[in-house]
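Some notes on the structure that comes next.
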2 protein chains.
Amino acid sequence: MGDSRRAVMGRPREFDIDQALERAMRVFWARGYEGASLTELTGAMGITKTSMYAAFGNKEQLFRKALQRYGAGPAAYATLALEEPTARAVALAFLRGAVCTTTPPGGPSGCLTVQGALASSEESRAVHDLLVDWRNDAGVRLEERFRRAVNEGDLPRNADPRRLARFIMTMGFGIAVQAANGLGPAELDEIVDTALIGWPA
Amino acid sequence: MGDSRRAVMGRPREFDIDQALERAMRVFWARGYEGASLTELTGAMGITKTSMYAAFGNKEQLFRKALQRYGAGPAAYATLALEEPTARAVALAFLRGAVCTTTPPGGPSGCLTVQGALASSEESRAVHDLLVDWRNDAGVRLEERFRRAVNEGDLPRNADPRRLARFIMTMGFGIAVQAANGLGPAELDEIVDTALIGWPA
DNA sequence: ACCGTTCTGCACCGACCGGTACTGAACTAA
DNA sequence: TTAGTTCAGTACCGGTCGGTGCAGAACGGT
């Protein structure tokens with residue numbers, strides 16, 4: 001599990017599993033979970049359906065792996081931002097990271113966790129719920145960081161960490177939609193600046 | 001076209017076309033364009049596929065009609081808000097309206113135009129683009145309203161109407177995602193208040 | 001009565017969906 | 001060499017997708 005070293009026996013895999021997962025992630029990113037067909041996925045991965053099923057299990061598990069990769073890669077800003085010294089710096093780093101990730105020069109616009117399955121048919125409810133949890137978790141971690149900021153005196157005593165976290169998350173989601181709408185990084189950064197004007201001293 | 005009076009000849013339609021469209025709209029709202037199958041749509045509408053095709057043309061045209069109805073009904077707040085006397089009142093009415101519409105007591109959470117087709121497969125690009133235009137139009141109208149507010153002295157001379165409009169739209173989109181995430185109207189209203197703290201005097 | 005028109009319901013279309021059985025090929029261990 | 005194991009490619013599965021052909025029912029006009 002997660003061992004990049006190949007098992008010793010049997011015919012060796014002829015494709016790079018990391019690269020295949022990266023490409024699958026980009027297809028899910030652009031198309032969403034249901035919009036990404038196995039044909040398009042395996043086509044982008046450069047492998048056959050059989051190989052995909054042998055390596056990843058099924059479409060849903062492939063998506064889960066792709067989501068993991070997304071969290072560790074393009075969406076790592078959400079975790080890294082928490083390490084900024086002040087609450088304001090955290091908020092700014094979070095939103096600037098969102099802008100950066102949702103407007104990659106050569107990749108799909110928007111956020112995988114938002115486009116993935118905002119609305120979905122009944123069969124893929126599992127994936128829908130997975131993404132709801134993913135997004136809510138990010139909010140909770142932000143809230144905890146802001147609570148720490150209040151305790152440290154970095155935020156005013158009367159500031160509401162949960163409220164602030166939800167506000168920043170809302171802006172992050174909105175940025176993802178605006179990026180999908182075609183706005184570029186410069187315009188989105190302006191929006192971020194506007195949003196933080198009223199940030200508590 | 002749009003005549004609610006029935007044509008005089010031929011067998012009369014046995015269902016209420018307005019009610020059928022309303023129900024189709026709710027299915028699209030909950031499932032998105034691609035996630036809503038004809039089976040579920042016609043099931044909710046209480047008619048057969050044949051009747052749907054005779055009355056609306058095809059799935060895409062049904063969606064277009066449903067989107068029209070959405071704009072005139074649940075999303076009318078976006079237009080009504082423009083009539084508020086001050087820019088701040090416009091922004092507040094817009095966001096409160098978004099909260100209200102995305103958290104209806106008996107209906108689907110979120111915003112039809114956001115969940116409809118944020119990400120989509122290639123075949124439904126037309127619908128995707130339609131929704132992008134719809135969302136951008138809303139932003140442009142808001143921008144024009146704020147520009148008027150600057151001219152009227154309601155907003156400071158140095159305020160940037162486009163930037164403010166984009167900020168409000170971003171909040172609106174974010175609210176839609178948060179509603180789909182399970183947040184209720186009370187929590188979303190708090191977020192709106194937080195967002196408007198820094199609103200230019 | 002009869003015709004033209006419009007709506008309904010059923011059965012059906014080809015295409016594509018996610019997923020798999022099966023045949024070999026490519027490898028290690030003995 | 002042989003057996004055991006794992007991967008690749010083809011061809012296929014049942015099911016569902018959006019969409020239709022067709023027969024008949026329900027109407028107005030004549």
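Here is the naming used below: chain letters follow the sequence lines, and residue numbers restart at 1 for every chain.
- For B:Asp160, there are no side chain to side chain donor-acceptor pair (under 3.5 Å) partners two or more places apart in sequence or in a different chain.
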Return all side-chain donor-acceptor pairs below 3.5 angstrom for residues 170-197 of chain A, not counting sequence neighbours, or 'none' if the list is empty.
| from | atom 1 | to | atom 2 | distance (Å) |
| --- | --- | --- | --- | --- |
| A:Thr170 | OG1 | A:Arg166 | O | 2.6 |
| A:Thr170 | OG1 | B:Gln178 | NE2 | 3.1 |
| A:Gln178 | NE2 | B:Arg166 | O | 3.3 |
| A:Gln178 | NE2 | B:Thr170 | OG1 | 3.1 |
| A:Asn181 | OD1 | B:Arg135 | NE | 2.8 |
| A:Asn181 | OD1 | B:Arg135 | NH2 | 2.7 |
| A:Asn181 | ND2 | B:Asn136 | OD1 | 3.1 |
| A:Glu187 | OE1 | A:Gly184 | N | 2.7 |
| A:Glu187 | OE2 | B:Arg166 | NH2 | 3.4 |
| A:Asp189 | OD1 | A:Arg96 | NH1 | 3.0 |
| A:Asp193 | OD1 | A:Arg96 | NH2 | 2.8 |
| A:Thr194 | OG1 | A:Glu190 | O | 2.9 |
| A:Thr194 | OG1 | B:Arg163 | NE | 3.1 |

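- Proximity of the aromatic rings of B:Phe146 and B:Trp199 is defined here by a centroid distance below 6.0 angstrom, and this criterion is met.
- Look at CD on B:Glu60: it is 13 Å from P on D:dG18, rounded to the nearest Å.
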Please enumerate all protein N or O atoms sitting under 3.5 Å from an N or O of nucleotides 24-28 of chain C, with distances to 0.1 Å.
| from | atom 1 | to | atom 2 | distance (Å) |
| --- | --- | --- | --- | --- |
| C:dG24 | N2 | A:Arg11 | NH1 | 3.2 |
| C:dA25 | N3 | A:Arg11 | NH1 | 3.1 |

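- Within residues 124-134 of chain A, no residue places a heavy atom under 4.0 Å from DNA chain D.
- Residues forming a salt bridge (Lys or Arg N to Asp or Glu O under 4.0 Å) with A:Arg141 (at least two apart in sequence, or on another chain): none.
- Other residues, nucleotides and ligands contribute over 12 non-hydrogen atoms within 6.0 Å of the CZ atom of A:Arg69.
- For the pair A:Glu60 and A:Arg64, the salt-bridge criterion is met [side-chain N within less than 4.0 Å of a carboxylate O].
- Within residues 22-53 of chain A, the residues that place at least one heavy atom under 4.0 Å from DNA chain C are, in residue-number order, A:Ala36, A:Ser37, A:Leu38, A:Thr39, A:Lys49, A:Thr50, A:Tyr53.
- When rounded to the nearest whole Å, the span between CD of A:Glu122 and P of D:dC17 equals 13 Å.
- Here the side chain of A:Arg145 pairs a donor or acceptor atom with the backbone of A:Leu82 at under 3.5 angstrom.
- With no hydrogens or angles considered, a side-chain donor-acceptor pair links A:Ser124 and A:Glu34 at under 3.5 Å.
- Judged by distance alone, the side chain of A:Lys59 and the main-chain N or O of A:Ser37 form no donor-acceptor pair under 3.5 Å.
- Regarding A:Leu62, its CG atom lies at a distance of 10 Å from the P atom of C:dG19, rounded to whole Å.
- Of the possible polar contacts, none joining the A:Tyr33 side chain to the A:Val127 backbone as a donor-acceptor pair under 3.5 Å is found.
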